[in-house]
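What follows is a set of notes on a single structure, which appears directly below.
Residue numbering restarts at 1 for every chain, and letters A, B, ... go by the order of the sequence lines.
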Amino acid sequence: MQGQEHSESELLQIRRDKLNTMVARGIDPFGGRFDTTHQPGALRRDFQPDLEVKVAGRVTARRTMGKAVFFDLSDITGRIQCYVNKKEIGDEAFELLTELVDIGDWLGVSGKTFVTKTGEPSVHTETLQVMSKALRPLPDKWHGVTDREIKYRQRYLDLISNERSRDTFVQRSLMVAEIRRFLQDRGFLEVETPMMQDVPGGAAATPFETFFKALNMAMYLRIAPELFLKRLLVGGFTKIFELNRNFRNEGLSRRHNPEFTMLEAYWAFSDFEQMADLVESMVCHLAEKFCGGLLIEHKDDEGNVTRTINLQRPWRRAPYKELIKGVAGEGWFELSLEDKKAKCAELGVEVSAGMVDYEVSQQVFEKLIEEKSFDPLFVTHVPAELVPLAKQNKADGSVVDVYELVINGQEISPGYSELNDPIVQRERLEHQAGEETQKVDEEFLLALEYGMPSAGGIGIGIDRLVMMLTGAESIRDVVLFPQLKKR
RNA sequence: GCGUGGGUAGCUCAGCGGUAGAGCAGUUGGCUUUUAACCAAUUGGUCCUGGGUUCGAUCCCCAGCCCACGCACCA
């Protein structure tokens with residue numbers, strides 16, 4: 001809060017004066033229970049005339065015409081217009097509405113529905129109740145909030161004033177609910193595993209560290225739930241999923257928020273190809289339900305289509321190495337490290353000095369394939385170095401049985417045939433730990449020794465999936481409160 | 001971390017080496033079916049912060065803060 005030594009600005013003072021006047025007149029400015037029959041948007045969408053209704057919402061517009069007033073009540077569902085006639089409602093209530101209520105206040109209204117002569121579904125107001133007095137003015141009624149910083153730091157103002165933001169977040173909520181339903185319908189049980197972990201595993205990101213006083217030990221916010229979900233496979237949960245937050249202590253970008261929502265699902269006795277089918281059908285199901293079909297159009301603020309993503313099945317599946325050869329030449333994998341780097345310069349792919357062989361190839365993949373693939377692409381036969389938790393391919397041990405699903409120029413979902421051989425798993429984790437000075441999760445390896453059923457597993461980055469389906473250009477447009485630097 | 005752009009009224013924005021403007025919101029008056037209501041009048045500013053240059057800085061220079069975009073980082 002700001003200091004009180006400065007006098008309040010005029011706008012704020014006027015609203016406080018109105019608040020005080022309400023109190024002086026015995027009106028509670030902060031309401032109480034009000035049993036609504038409809039939400040504003042729902043009432044307008046499924047409108048019927050001559051219905052006694054009670055609605056509540058924020059006053060987002062007011063048109064005063066002498067002895068009659070029109071005002072809009074809004075919430076996340078939409079808006080409904082209310083009409084007030086001075087003669088009918090009485091001087092006291094009319095004055096409350098025109099002199100003490102501001103745009104931004106929350107009101108509860110009872111009355112009968114009707115249609116005005118301009119065809120607007122409306123409520124003919126009989127009673128008014130103040131549910132909350134707003135002490136600060138709302139953003140511009142026409143442009144809304146456009147300042148990115150305000151949109152993100154004060155998301156409520158964005159939601160109040162920007163329909164597109166409201167739509168995106170409502171859609172996200174419905175999509176997440178639908179994903180849960182989709183999996184539950186197929187026999188998957190939702191589980192919750194620790195977000196505070198002793199050994200942060202299941203991915204290779206830098207974790208956030210915290211401290212647990214009671215046990216006098218360092219702990220980490222999870223970077224993935226994978227190693228705990230696999231313990232549950234050992235325990236006999238053969239179809240499970242978890243849909244919740246991961247935390248990675250890395251840079252912010254249009255595609256990265258340090259806490260992001262991940263779906264992980266495991267299906268015992270399955271493999272990566274069956275998991276690919278599952279993801280394909282799930283994403284298509286969501287697109288048909290929420291986007292009206294399998295062609296997803298991304299639009300700019302003017303409504304021009306900027307990109308069309310075609311989700312029609314079957315989705316393309318291609319081996320990692322073939323894709324790289326396609327952009328870097330048939331002989332790519334026979335080139336020495338130096339020649340690969342030289343070729344990268346030719347191709348306009350930046351590589352850093354310390355990169356080893358497979359990292360250079362991965363860089364080519366990311367810049368020339370991933371970032372340019374908008375229609376779905378399952379990348380298969382990925383080098384084993386990149387994925388220590390998946391089964392090696394029986395015919396070619398240098399690659400693993402996984403897919404990496406790319407849509408909209410981003411990795412949306414990996415899927416594995418999960419490695420369940422405890423001896424091989426130990427070797428691969430210790431090899432990786434040696435390279436990156438990571439701890440090995442001994443409790444996980446212990447669990448594997450009791451027998452983890454062979455299984456397919458997937459991860460789906462929910463934020464990126466929602467970006468793809470809603471056409472959001474930044475992850476900050478699909479995360480309600482994205483991480484920002486402290487002001 | 002680096003580079004580029006930005007920060008002006010509650011909001012959306014213009015402006016510029018001579019001390020700040022519009023629209024909306026607000027305030028006052030008018031108006032009993034309007035909807036970006038309308039008509040008339042009007043209030044409102046740490047021009048992000050701190051230095052510097054200058055007779056004079058919102059403007060030019062330096063440093064800092066925050067935001068965006070790109071790069072780097074990133075299973």
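OP1 or OP2 of B:rA25 lies within a sub-4.0 Å distance of a side-chain N or O belonging to A:Lys141. Considering only side-chain N and O atoms, A:Arg62 lies nowhere under 4.0 angstrom from the phosphate OP1 or OP2 of B:rU34. An OP1 or OP2 oxygen of B:rC13 is reached within less than 4.0 angstrom by a side-chain nitrogen or oxygen of A:Thr146.
Among the heavy atoms of the strands lying under 4.0 Å from A:Glu350 are primed sugar atoms or P, OP1, OP2 only; no base atom is included. Nucleic acid contact for A:Arg63: base, since at least one base atom lies under 4.0 Å from a heavy atom of the residue. Within 4.0 Å (heavy atoms only), A:Arg153 reaches sugar-phosphate atoms of the nucleic acid but no base atom. Note on A:Leu484: only backbone sugar-phosphate atoms sit closer than 4.0 angstrom, heavy atoms only; bases stay farther off. Residue A:Lys151 is classed as having no contact, given no heavy-atom separation below 4.0 Å to the nucleic acid. As judged by a 4.0 angstrom heavy-atom cut-off over every strand, A:Ser352 is placed among residues touching the sugar-phosphate backbone only. Nucleic acid contact class of A:Asp72 (heavy atoms, under 4.0 Å, all strands): none. A:Phe71 comes within contact range of no nucleotide atom at all, as no heavy-atom separation falls under 4.0 Å. Among the atoms of the strands shown, base atoms are found under 4.0 Å from some heavy atom of A:Thr118. Backbone-only engagement by A:Arg476 is indicated by non-hydrogen atom pairs under 4.0 Å involving sugar-phosphate atoms exclusively. In this structure, A:Lys485 reaches the sugar-phosphate backbone alone: every heavy-atom distance under 4.0 Å involves primed, P, OP1 or OP2 atoms, never a base. Using a 4.0 Å heavy-atom cutoff across all strands shown, A:Pro414 reaches no nucleic acid atom at all. Within 4.0 Å of A:Lys486, counting heavy atoms only, lie sugar-phosphate atoms of the nucleic acid but no base atom. Using a 4.0 Å heavy-atom criterion, one finds that A:Gly202 contacts the bases of the nucleic acid, with or without backbone contacts as well.
One P atom belongs to B:rC48, the other to B:rU8, and the distance between them is 6 Å to the nearest Å. Atom C1' of B:rU46 sits at a distance of 14 Å from the matching atom of B:rA20, rounded to the whole Å. Between B:rC61 and B:rG18, the distance separating the two P atoms is 15 Å to the nearest Å. Taking the P atoms as reference points, B:rC38 lies 16 Å from B:rU33, given to the whole Å.
When the C1' atom of B:rG26 is taken as reference, atom CG of A:Asp17 falls 13 Å away, rounded to whole Å. In this structure, CG of A:Leu11 is placed 13 Å from P of B:rA25, rounded to the nearest angstrom.
With a 3.5 Å ceiling on both atom-pair distances, B:rU54 lacks any Watson-Crick or G-U wobble partner.
On a pure distance criterion of 3.5 Å, a polar donor-acceptor pair joins the side chain of A:Thr116 and the base of B:rU34. Below the 3.5 angstrom threshold, one finds no donor paired with an acceptor across the side chain of A:Glu120 and the base of B:rU33. Looking at A:Asp140, its side chain has no donor and acceptor atom pair within 3.5 Å of the base of B:rG10. You'll find a donor-acceptor pair under 3.5 Å spanning the side chain of A:His256 and the base of B:rC74, going by distance alone.
Between A:Thr261 and A:Arg245, the shortest heavy-atom contact is OG1-CD, 3.5 Å.
Geometrically, A:Lys340 engages A:Trp332 in a cation-pi contact, judged by NZ or CZ lying under 6.0 Å from the ring centre and within 45° of the ring axis.
A:His381 and A:Glu322 form no side-chain donor-acceptor contact under 3.5 Å, judged by distance and modelled atom types alone.
Atom NZ of A:Lys299 has 12 or fewer neighbouring heavy atoms from other residues, nucleotides or ligands inside a 6.0 Å radius.
Within the 3.5 Å criterion, the main-chain N or O of A:Glu92 finds no donor-acceptor partner in the side chain of A:Arg25.
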